[in-house]
There are 2 protein chains.
Amino acid sequence: MVTKTKAAKAATLPLNQILDGDCIEVMNSLPAESIDLIFADPPYNLQLRGDLHRPDNSKVDAVDNDWDQFDSFKIYDRFTKDWLAAARRLLKPNGAIWVIGSYHNVFRMGAELQNQGFWILNDVVWRKSNPMPNFRGKRFTNAHETMIWASKQEASKYTFNYEALKALNEGVQMRSDWVLPICTGHERLKDENGDKAHPTQKPESLLHRVLVGSTNPGDVILDPFFGTGTTGAVAKMLGRDFIGIEREEAYRKVATKRLSKIRKFDKEALEVTQSKRAEPRVAFGVLVERGMLRPGEELWSQNGRHKAKVRADGTLIGDDIKGSIHQVGAHLEGAPSCNGWTYWQFKRDGQKVPIDLLRQQIRAEMAQQH
Amino acid sequence: MVTKTKAAKAATLPLNQILDGDCIEVMNSLPAESIDLIFADPPYNLQLRGDLHRPDNSKVDAVDNDWDQFDSFKIYDRFTKDWLAAARRLLKPNGAIWVIGSYHNVFRMGAELQNQGFWILNDVVWRKSNPMPNFRGKRFTNAHETMIWASKQEASKYTFNYEALKALNEGVQMRSDWVLPICTGHERLKDENGDKAHPTQKPESLLHRVLVGSTNPGDVILDPFFGTGTTGAVAKMLGRDFIGIEREEAYRKVATKRLSKIRKFDKEALEVTQSKRAEPRVAFGVLVERGMLRPGEELWSQNGRHKAKVRADGTLIGDDIKGSIHQVGAHLEGAPSCNGWTYWQFKRDGQKVPIDLLRQQIRAEMAQQH
DNA sequence: TTTGCGCGTGAATCTTTTC
DNA sequence: GGAAAAGATTCACGCGCAA
């Protein structure tokens with residue numbers, strides 16, 4: 001394979017720059033088959049109705065930017081089709097793309113990727129360790145976003161740094177679900193007023209894993225929805241070249257300043273990646289879901305004086321009380337608190353056994369995975 | 001709302017049966033708006049090939065030389081469109097659907113759900129605690145599947161047992177990512193040869209969470225791709241009615257045997273933690289009528305910063321405002337809304353107590369009368 | 001200097017009933 | 001059917017400040 005020198009590459013490509021303009025037009029102005037990897041975080045087309053307030057009455061600062069508004073699925077689909085086609089033309093034959101989205105748009109992107117002949121390699125779930133809760137209690141906490149990783153075509157010999165990712169993951173093969181915190185604190189860029197500079201800034205840890213896994217040093221990475229430049233920042237740290245496209249002046253300005261401060265091989269993002277692990281917490285309800293205890297089954301207190309029945313939602317019902325294993329135990333003992341795991345016992349083969357034994361079984365299973 | 005009796009329901013619907021045949025034809029033979037929830041795990045191995053028609057209605061031959069990737073998408077989309085339309089017709093106005101799939105098919109299903117007017121409520125990731133590793137080291141371990149939960153239409157008042165799921169999850173609201181093991185061991189059904197009876201048998205724990213969360217006892221649940229009947233088994237345990245459709249004789253046989261052994265849990269165990277919304281309404285004025293609070297008595301805000309006087313008609317009067325407990329609270333806090341029941345406190349024996357306590361007393365009395 | 005508490009906030013398709 | 005009122009509802013963190 002012929003590898004262009006850095007100088008030859010720079011002659012034809014505007015490397016390590018942020019290009020101003022509409023992403024489709026700008027992409028169409030770049031040479032075909034020149035890009036190794038594309039990372040794209042397009043508008044999600046959220047369809048928000050009224051305002052939303054937290055239970056403490058504070059107002060949620062929603063994504064209500066003009067750039068996220070589309071009048072119909074048809075118009076959004078047209079947009080998706082056009083930018084994906086432009087992106088595909090730019091990819092080298094062995095190139096690949098990552099797109100990220102939520103249920104509002106990701107199904108439409110995924111279907112269009114397939115329609116255009118991209119070859120899906122994985123869908124990868126970013127499980128947020130600290131998502132915004134569902135304030136009204138009407139749905140599940142929206143705790144993840146979905147990324148799709150696809151090569152340009154089925155025959156592409158795409159880059160996958162299996163061993164590097166395995167090393168990042170404490171020696172175990174990297175899975176399709178990644179637990180990472182959202183972008184907050186010092187990493188979150190602010191504007192002159194101290195407000196967030198961009199409503200949807202992605203964490204560097206996410207891009208770190210994407211770029212370590214699917215590019216090599218010297219590769220050219222294109223981000224057609226550059227925003228405040230997380231892709232460029234991580235690419236620079238990791239010794240990759242980037243091209244950003246962004247049509248909003250304010251975002252370009254923030255990104256330019258950010259990039260000027262980045263040094264290659266900055267280790268900070270990496271440390272975040274590894275230190276944030278989801279602690280395995282075992283809910284009593286899991287024992288019921290998994291059939292280790294059955295709804296209707298009786299539990300006895302350690303002292304043998306009380307009993308209670310298991311319900312389908314993982315609560316207990318006693319003579320005059322319903323609630324969690326801890327609440328019911330405390331109530332029956334007239335105590336301010338109670339550790340239900342050690343208090344309650346179930347019967348197996350005529351023997352009474354603490355339910356904590358079942359929790360230990362689940363924890364052992366979970367531990368096997370690391 | 002008119003609720004059909006069990007007998008009336010059974011007269012029109014083939015409850016708790018496995019129907020033989022093509023799922024679309026069978027669904028079209030059932031009465032419209034008769035189903036509360038649909039759970040669908042459609043096939044996505046493109047072996048549908050031999051049983052499907054092209055959009056122009058020509059039959060696809062099993063050894064079709066013209067067959068390519070794009071033909072297969074078209075045919076799969078046609079199939080998806082048809083079964084989803086049939087499913088939507090069957091749903092009651094407040095009904096909902098769950099579909100499950102992997103990146104091979106879930107994007108196409110999600111887009112078609114949106115196209116048909118279903119309203120996506122969440123995408124939920126089933127994170128497998130024990131997935132099959134990726135042996136070739138060329139991709140990420142495929143460690144999850146995606147479910148989409150959608151109501152029939154945007155206006156549907158879908159069922160969501162928020163408190164029950166919260167209880168199941170140790171008192172923290174349930175997230176969109178569920179960690180559950182795959183179906184193995186005794187739960188995994190075997191055929192006469194000791195081989196697995198079905199290639200993609202879903203774990204009962206998954207259906208347990210789906211059905212506890214989005215149905216009530218007595219609801220009718222349809223599974224158009226019944227397989228070995230996990231949906232039916234869990235529905236039966238949980239005191240729900242099911243209808244299964246399965247065209248493979250071998251699967252129907254295994255499922256029938258499986259279902260015959262299932263026992264419903266105790267009625268008591270099936271009652272789950274209820275939300276406050278399910279409680280009967282009590283007007284604040286009732287507390288005054290009953291003499292639990294006296295006209296002229298003072299109430300204090302939870303934060304101690306404000307006070308107001310009770311009036312004989314069950315309204316409050318503050319320094320510069322009169323109105324309901326909610327209106328006065330909201331005004332004093334400068335908030336868009338306020339739950340007066342938890343905001344206001346009254347004095348008894350020198351202690352400040354939330355007025356919600358009085359409401360609970362009344363509700364308890366009301367419950368006793370039934 | 002350390003610990004703890006209060007406050008702010010994050011890609012959100014986030015209510016139900018009565019008049 | 002539309003407007004208004006009633007009433008239900010949050011988790012994980014980072015930061016600043018007080019003790």
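Within every chain, numbering begins at 1; the chains are lettered A, B, ... in the order of the sequence lines, protein sequences first and strands thereafter.
- At whole-Å resolution of the value, NZ in Lys196(A) and P in dG10(C) are 3 Å apart.
- Rounded to whole Å, atom P of dC7(C) lies 14 Å from atom CG of Asn57(A).
- Base-pairing analysis of DNA chain D finds the following stems of at least three consecutive Watson-Crick or G-U pairs, with both pairing distances under 3.5 Å: C:2-10 with D:11-19, C:15-19 with D:2-6.
- Rounded to whole Å, the P atom of dC14(C) lies 22 Å from the corresponding atom of dA12(D).
- The shortest distance between the side-chain N/O atoms of Arg175(B) and the OP1/OP2 oxygens of dT10(D) is not below 4.0 Å.
- OP1 and OP2 of dT10(D) both lie 4.0 Å or more from every side-chain N or O belonging to His53(A).
- As rounded to whole Å, 13 Å separates atom P of dT9(C) from atom CG of Asn193(A).
- Taking CD1 of Ile120(B) as the start and CG of Asn122(B) as the end, the distance is 10.0 Å to the nearest 0.5 Å.
- Put simply, CD on Glu187(A) is 16 Å from C1' on dT9(C), counting in whole angstrom units.
- Residue-level contact check: Asn105(A) touches neither bases nor backbone, having no heavy atom under 4.0 Å from any strand.
- dT10(D) and dG10(C): their C1' atoms are spaced 12 Å apart (whole Å).
- Taking 4.0 angstrom as the limit, Lys128(A) places none of its side-chain polar atoms (N or O) nearer than this to OP1 or OP2 of dG10(C).
- Between Lys166(B) and dT10(D), a side-chain N or O to OP1/OP2 separation shorter than 4.0 Å is present.
- Qualifying salt bridge (charged side-chain N to carboxylate O under 4.0 Å, His left out) partners for Glu192(A), counting only residues two or more places apart in sequence or in other chains: none.
- The separation between Asp356(B) atom CG and dT9(D) atom P is 11 Å, rounded to whole Å.
- When the nucleotides dG10(C), dA5(D), dA8(D) are ranked by their closest atom to the side chain of Ile182(A), dG10(C) comes out on top.
- No hydrogens or angles considered: nothing links the side chains of His326(B) and Ser324(B) as a donor-acceptor pair under 3.5 Å.
- Using a 4.0 Å heavy-atom cutoff across all strands shown, Val282(B) reaches sugar-phosphate atoms only and no base atom.
- Trp149(B) meets the ring-ring contact (aromatic ring centres under 6.0 Å, His included) test with Phe140(A), Trp98(B), Tyr158(B), Phe160(B); sequence neighbours excluded.
- Across all strands, Pro203(A) comes closer than 4.0 Å to no nucleic acid atom at all (heavy-atom distances).
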**Asked** Can you give one letter per nucleotide of nucleotides 12-19 of chain C, going 5' to 3': B for a protein heavy atom under 4.0 Å from the base, S for sugar-phosphate only, - for none?
**Response** BBBSSS--
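- Counting distance only, with no hydrogens placed and no angle test, the side-chain atoms of Arg54(A) and the base atoms of dG10(C) include a donor-acceptor pair under 3.5 Å.
- With Trp126(A) as the aromatic partner, Lys128(A) meets the cation-pi criteria of under 6.0 angstrom to the ring centre and within 45 degrees of the ring axis.
- Phosphate proximity of dG7(D) to His326(B): present, with a side-chain N or O under 4.0 Å from OP1 or OP2.
- Among the atoms of the strands shown, none is found under 4.0 Å from any heavy atom of Glu279(B).
- Within 4.0 Å (heavy atoms only), Lys202(A) reaches at least one base atom of the nucleic acid.
- The distance between atom CH2 of Trp341(B) and atom P of dT9(D), rounded to the nearest whole Å, is 15 Å.
- The list of salt bridge (Lys or Arg N to Asp or Glu O under 4.0 Å) pairs with a residue in residues 157-166 of chain B, not counting sequence neighbours, is empty.
- Evaluation of the salt bridge (Lys or Arg N to Asp or Glu O under 4.0 Å) test over residues 307-322 of chain B, restricted to residues two or more places apart or in two chains, returns Glu298(B)-Lys307(B).
- Under the 4.5 Å side-chain criterion, counting only non-hydrogen atoms from C-beta, Gln173(B) is in contact with Pro133(A).
- Classified by its glycosidic torsion, dT13(C) falls in the syn category, the angle being within 90° of 0.
- Across all strands, Ser324(B) comes closer than 4.0 Å only to sugar-phosphate atoms, never to a base (heavy-atom distances).
- When heavy atoms are screened at a 4.0 angstrom cut-off, Thr184(A) is found touching the sugar-phosphate backbone but no base atom.
- Atom CG in Leu316(B) sits about 11 Å away from atom P in dA6(D), given to the nearest Å.
- Not counting sequence neighbours, the partners of Arg108(A) by the salt bridge (charged side-chain N to carboxylate O under 4.0 Å, His left out) test are Asp77(A).
- Of the P atoms belonging to dT13(C) and dG7(D), the separation is 27 Å, rounded to the nearest Å.
- Asn303(B) places its CG atom 11 Å from the P atom of dC7(C), with the value rounded to the nearest Å.
- Arg290(B) meets the salt bridge (charged side-chain N to carboxylate O under 4.0 Å, His left out) test with Glu365(B); sequence neighbours excluded.
- Considering only the side chain of Pro55(A), dT10(D) comes nearest among dA11(C), dT10(D), dT9(C).
- Taking the salt bridge (charged side-chain N to carboxylate O under 4.0 Å, His left out) definition, one finds that Arg49(A) meets it with Glu154(B), sequence neighbours left out.
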